[in-house]
Amino acid sequence: MTELLWVIPALPLLGAFVLITLGTKLSRSAASFVGAGSVGLSALLVILIGLNYVPSSGPFRQVLWQWMDVAGFSPSFGFHLDSLSMVFVFVITFVGFLIHVYSTEFMAEDEGFTRFFAYLNLFVASMLILVLADNLVLMYLGWEGVGLCSYLLIGFWYEEKKNGDAARKASIVTRVGDTAMAIGL
């Protein structure tokens, strides 16, 4: 069952893609179904993988492809599952699913309904990539995705100046963290 590990972040990422590309054509109920459904399916998959995962057998590593191979530097696009990352994936998918379900009612009358769910799905996918990454390059990609989604979600109601200002402040703080992480890498 662990061979389906890649599907956990792929489902919210696919949901975000569908919501971004078909956003204006989807009804609110279809958008909420795609948004919450993709994260809900990821949460169910986490349960199935968790029931079959045996921590005593060691961590599971799944390499999907190599990004590049330059002078011995060959980062892969792969995932690493151990007991700690399993806890994080469980929390991310289940809390993310609950937030999606709550948001379907909270955002029901908002004109940016589909856009909000696209941002939220992208945020969940980025967090999953961050905690499942098997190398620092992929972890940095997840980190950047989380930073981008934080900016997008904080500034969601950008028509009000204070929301745009808060998003810019968050972006600046995130850039400081990005710089420190890049130096650390």
Side-chain angles (χ1 to χ4, degrees), residues 6-24 26 28 31-32 34-43 46 75 77 79-80 84-185:
W6 68 273
V7 178
I8 294 171
L11 285 170
L13 196 58
L14 179 64
F17 178 76
V18 168
L19 291 167
I20 290 168
T21 56
L22 301 176
T24 56
L26 292 175
R28 289 180 189 262
S32 62
V34 169
S38 61
V39 177
L41 286 175
S42 285
V46 168
F77 193 100
F79 298 118
H80 175 92
L84 181 62
S85 60
M86 185 56 133
V87 170
F88 279 119
V89 169
F90 181 81
V91 170
I92 291 166
T93 56
F94 282 91
V95 172
F97 176 67
L98 292 175
I99 291 169
H100 276 74
V101 169
Y102 175 79
S103 297
T104 57
E105 185 63 32
F106 183 78
M107 299 293 291
E109 301 302 318
D110 198 285
E111 59 188 50
F113 186 84
T114 305
R115 182 171 51 99
F116 178 78
F117 278 98
Y119 293 169
L120 209 52
N121 272 34
L122 194 58
F123 190 56
V124 169
S126 297
M127 284 190 290
L128 290 169
I129 291 170
L130 176 66
V131 301
L132 287 173
D134 78 335
N135 61 62
L136 295 174
V137 177
L138 185 58
M139 185 183 79
Y140 192 71
L141 177 71
W143 174 270
E144 288 297 327
V146 168
L148 170 67
C149 293
S150 296
Y151 169 77
L152 293 172
L153 287 167
I154 291 169
F156 181 74
W157 288 295
Y158 58 89
E159 292 90 5
E160 294 180 36
K161 184 177 177 349
K162 65 179 182 175
N163 295 333
D165 291 343
R168 279 188 290 282
K169 282 182 198 176
S171 180
I172 291 167
V173 170
T174 304
R175 294 298 73 108
V176 171
D178 293 346
T179 303
M181 184 175 259
I183 291 169
L185 292 175

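Atom OG1 of T93 is separated from atom CZ of F88 by 13.0 Å, given to the nearest 0.5 angstrom. Separating the CD1 atom in I92 from the CZ atom in F90 is a distance of 12.0 Å, to the nearest 0.5 Å. Atom OG of S42 and atom CZ of F97 lie 11.0 Å apart (nearest 0.5 Å). Interatomic distance, CD1 of I8 versus CG of L41, reported as 11.5 Å (0.5 Å rounding).
Relative ring orientation between F156 and F116 is described as perpendicular, the plane-to-plane angle rising above 60° on a 0-90° scale split at 30° and 60°. Using the six-membered ring where Trp is involved, F77 and F79 have ring planes that are perpendicular, over 60° apart on the 30 and 60° scheme.
Residues P12 and L128 come closest through the heavy atom pair CG-CD1, 4.1 Å. Of all the heavy atoms in P9 and L132, the pair that sits closest is CD-CD1, 4.2 Å. When all heavy atoms are compared, the tightest approach of S103 to F113 is O-CE1, 4.3 Å. What you find for G96 and V39 is that their closest heavy atoms are C-CG1, 3.8 Å.
Ionic pairing of D165 and K162 is not present here: no N-O contact between side-chain nitrogen and carboxylate oxygen is shorter than 4.0 angstrom.
Aromatic rings from Y119 and F123 are positioned such that their centres are separated by 6.0 Å or more.
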For a quick test of your reading: what N or O donor-acceptor pairs under 3.5 Å do the side chains of residues 134-148 make, sequence neighbours left out?
| unit_1 | atom_1 | unit_2 | atom_2 | d |
| --- | --- | --- | --- | --- |
| D134 | OD2 | R61 | NE | 2.7 |
| D134 | OD2 | R61 | NH2 | 2.7 |
| D134 | OD2 | S76 | OG | 3.3 |
| N135 | OD1 | V137 | N | 3.1 |
| N135 | OD1 | L138 | N | 2.8 |
| N135 | ND2 | S76 | O | 2.5 |
| Y140 | OH | E144 | OE2 | 3.2 |
| W143 | NE1 | D178 | OD1 | 2.5 |
| E144 | OE1 | R175 | NH2 | 3.2 |

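Judged by distance alone, with hydrogens and angles left aside, the side-chain atoms of S126 form a donor-acceptor pair with the main-chain N or O of L122 at under 3.5 Å. Side chain of R28 to backbone of D110: a donor-acceptor contact under 3.5 angstrom is found.
Counting non-hydrogen atoms of other residues, nucleotides and ligands closer than 6.0 Å to CZ of F17 gives a total of 12 or fewer.
Residues forming a side chain to side chain donor-acceptor pair (under 3.5 Å) with S38 (at least two apart in sequence, or on another chain): N121.
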